[in-house]
Amino acid sequence: MVRDIRALTLEELTDDMVKLGFPQFRGKQIFSWLHEKCVLSFDEMTDIPKNMREKLAEEYYLPNCRINTKLVSQKDGTVKYLFSLDDGEYVESVVMKYKYGYSICISTQVGCKMGCTFCASAIGGFVRNLSAGEMLSEIYSAQRDLNIKINHLVLMGTGEPLDNFDNVMKLIKLITDEKGQNISMRHISLSTCGIVPKIYELAEMRLGLTLSVSLHAPNNGIRSKSMPVNGKYDIEELLKACRYYASATSRRISFEYAMIKGVNDSDECARELASRLKGMLCHVNLIPVNNVRERNYQKSTTDRQKRFSDILQSNGIPTTVRRTLGSDINASCGQLRASKRKK
Ligand code: SAH
């Protein structure tokens with residue numbers, strides 16, 4: 001079977017080279033071509049003999065993201081890519097510039113099974129998981145195109161990372177490898193809609209990344225209406241897992257809360273949320289919901305956002321209202337792919 005060579009760890013690659021009858025040091029050399037220099041083809045590995053490159057091309061493949069559409073925000077320089085994959089599917093990634101450097105938000109699946117009603121990624125359902133090599137290719141292709149070094153990784157694009165657990169863990173191992181891109185674990189955020197058993201599994205791994213949890217509601221009544229996953233793992237189970245995660249890892253959980261006018265933005269919602277989160281090592285990120293053309297939601301007013309935030313903070317819950325980047329290019333994930341599918 002032809003394997004994704006970019007998904008192999010240095011150890012696996014070295015073992016493979018020896019098995020194929022090549023010297024051991026070739027493993028390290030190829031790893032560096034793949035993850036440090038980020039080549040797109042075997043032919044770019046110029047110090048690898050031609051017959052070996054041919055052998056590699058027989059045994060492995062190098063999945064690549066090709067730029068189909070690139071949008072650059074005139075407001076803040078945020079860059080959004082619609083990449084096409086080798087099988088003709090599309091995924092989106094977004095590069096944002098912050099004071100501390102560049103951050104990329106990548107997709108982990110083509111489409112999504114979770115079906116959250118406010119989310120553009122759910123439109124059209126689930127197609128398939130991305131391989132570790134494909135996810136790395138989102139990062140490497142963007143870096144190459146912009147000629148930059150990315151130092152923050154956010155798994156918050158299309159897809160549910162904990163529903164593609166093994167490939168995502170592989171990606172994290174590879175992107176933090178000091179012989180590759182060497183992104184610090186502290187600079188990785190993983191966002192989940194709340195796959196409870198996987199939160200426990202992740203806690204046991206003690207990785208030191210930041211876990212974001214898409215909460216979006218203070219109770220089951222509201223949450224179940226927009227997030228089908230809540231029917232499987234309700235808010236009590238989810239928050240219990242979050243408390244466990246925070247105490248096991250000593251890392252604070254970042255709760256995402258998209259504020260939707262008249263749905264989850266009342267004073268009562270804020271008070272209920274505060275009482276649920278009391279005493280947990282956490283932080284709430286309030287996000288004015290993005291208008292998605294296919295969805296009928298409106299964002300809460302600025303006054304409502306402020307009031308909601310004030311209630312949480314006065315109850316001792318650290319809260320920020322998220323700054324919006326790339327608003328002129330539909331930078332939130334799922335939107336470009338959805339419009340592409342329509343055509
Ligand atoms: N499946 C993961 C990661 C992908 S979604 C998760 O659910 O966390 C990334 C974030 O964007 C999630 O917090 C999601 O709830 C949020 N999101 C989706 N649609 C949105 C919208 N229209 N407005 C604001 N945030 C949205």
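Hydrogens, waters and symmetry mates are skipped; everything else that's a heavy atom, side chains included, is used. Both ligands and their constituent atoms are indexed starting at 1 by order of listing.
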(request) Decide yes or no for L215 and L239: does some side-chain heavy atom of the first lie under 4.5 Å from some side-chain heavy atom of the second? (result)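 Yes; the side chains approach each other to less than 4.5 Å.
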(message) Taking the side chain as everything from C-beta on, heavy atoms only, tell me whether C65 gets closer than 4.5 Å to L85.
(response)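 Yes, at least one pair of side-chain atoms sits under 4.5 Å.
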Between [X] and ligand 1, find which residue part has any heavy-atom pair under 4.0 Å and reply side chain, backbone, both or neither.
| X | answer |
| --- | --- |
| E256 | side chain |
| T192 | backbone |
| M114 | neither |

Give the atom numbers and elements of ligand 1 that come within less than 4.0 Å of a heavy atom of [X].
| X | result |
| --- | --- |
| S214 | 6 (C), 7 (O), 8 (O), 12 (C), 13 (O), 14 (C), 15 (O) |
| C119 | 18 (C), 19 (N) |
| V289 | 21 (C), 22 (N), 23 (N), 24 (C) |
| C193 | 6 (C), 7 (O), 8 (O) |

(request) Work out whether the distance between some heavy atom of G157 and some atom of ligand 1 is less than 4.0 Å. (result)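 For ligand 1, residue contact (heavy atoms, under 4.0 Å) with G157 is present.
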(request) Say whether H216 and ligand 1 are in contact under the criterion: heavy-atom distance to a ligand atom below 4.0 Å. (result)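 Yes.
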(message) When you measure from the centre of the six-membered ring of F165, is the NZ or CZ of K198 closer than 6.0 Å and no more than 45° off the axis?
(response)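 Yes, K198 sits over the ring of F165.
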Are the charged groups of [X] and [Y] less than 4.0 angstrom apart, N to O?
| X | Y | value |
| --- | --- | --- |
| E201 | R206 | no |
| D16 | R26 | no |
| R307 | D303 | no |

(message) Once rounded to the nearest 0.5 Å, what's the spacing between atom CD of Q143 and atom OH of Y102?
(response)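 Nearest 0.5 Å value for the CD-OH distance: 11.0 Å.
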(request) Give yes or no for whether the N/O distance cutoff of 3.5 Å, strictly under, is met between F118 and ligand 1. (result)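 Among all N and O atoms of F118, at least one is under 3.5 Å from an N or O of ligand 1.
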(request) State whether the shortest distance between N or O atoms of G159 and N or O atoms of ligand 1 falls below 3.5 angstrom. (result)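 Yes; the residue has a nitrogen or oxygen that sits under 3.5 Å from a nitrogen or oxygen of the ligand.
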(message) As a quick check of understanding, evaluate ring pair (Phe, Tyr, Trp, His ring centres under 6.0 Å) for H152 and Y98, giving each step before the final call.
(response) CA-CA 10 Å; H152 284 71; Y98 291 99; 7.6 Å; no
